[in-house]
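Below is one structure, written out as structure tokens, with a few remarks after it.
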Amino acid sequence: MVDYVAMGQKMRARRRFLKISQEELAKAVQISPSFYGNIERGIRIPSIDTLVAIANALQVGVDYFLVDSLDAVFTRRSSEENKILTRFLREQIAELEFDVPAPEQDNPSSQE
């Protein structure tokens, strides 16, 4: 599920960073200021075309707004994959034989 509140918060933060008013942004993407304000608050859902226009106006990719919605899925998978990878690496390390040479000592007689 898309987290529209988080998406709106990212839009607001980016818009403020660029020092653009809601009215200016709404005009640039050809929507009403109240509709844009509702998108920022997560009350209204923009169409794909509107989302792309907002992303372009804010100089970011659409994925910038959607990343919070994807994190939950990736985090869950990453956790499971991390457990498997950790177990695999521990098994591999246990099988390794470490043959590390002793560090060379400075020999005072070889210095001139």
Return the minimal non-hydrogen interatomic distance between Val29 and Ala57, and the atom names on each side. CG1-CB, 4.0 Å
If two hydrophobic side chains count as joined below 4.5 Å and joins carry through other members, does Leu66 share a cluster with Ile43? no
Roughly how far apart are Ser32 OG and Gln22 CD, rounded to 0.5 Å? 10.5 Å
Atom pair OH (Tyr36) and CD (Glu23), whose distance is rounded to the nearest 0.5 Å: 10.5 Å
Go through Tyr4 and Ile39 one step at a time and tell me if the side chain to side chain contact (heavy atoms under 4.5 Å, CB included) criterion holds. CA-CA 8 Å; Tyr4 292 105; Ile39 292 171; over 6 Å; no
Using 0.5 Å steps for rounding, measure from the CG atom of Leu58 to the CG atom of Leu18. 6.0 Å
Rounded to the nearest 0.5 Å, what separation is found between the CZ atom of Phe65 and the CE atom of Met11? 4.5 Å
Give, for atom CD of Gln9 and atom CG of Asp3, the distance between the pair rounded to the nearest 0.5 Å. 7.5 Å
Please report the interatomic distance CD1(Ile31) to CG(Asn38), rounded to the nearest 0.5 Å. 10.0 Å
Sorted by first residue and then second, give each side-chain hydrogen bond (donor to acceptor under 3.5 Å, both in side chains) pair with at least one member in residues 49-62; sequence neighbours left out. Ser47-Thr50
Side-chain heavy atoms of Met7 within contact of Pro46, under 4.5 Å: yes
Could you state whether Val5 and Tyr64 fall into the same hydrophobic cluster, counting links through intermediate Ile, Leu, Val, Met, Phe, Trp or Tyr residues with side-chain heavy atoms under 4.5 angstrom apart? no
Residue list, side-chain contact (heavy atoms from CB on, under 4.5 Å) with Arg12, at least two apart or on another chain: Arg15, Arg16, Glu40, Arg41
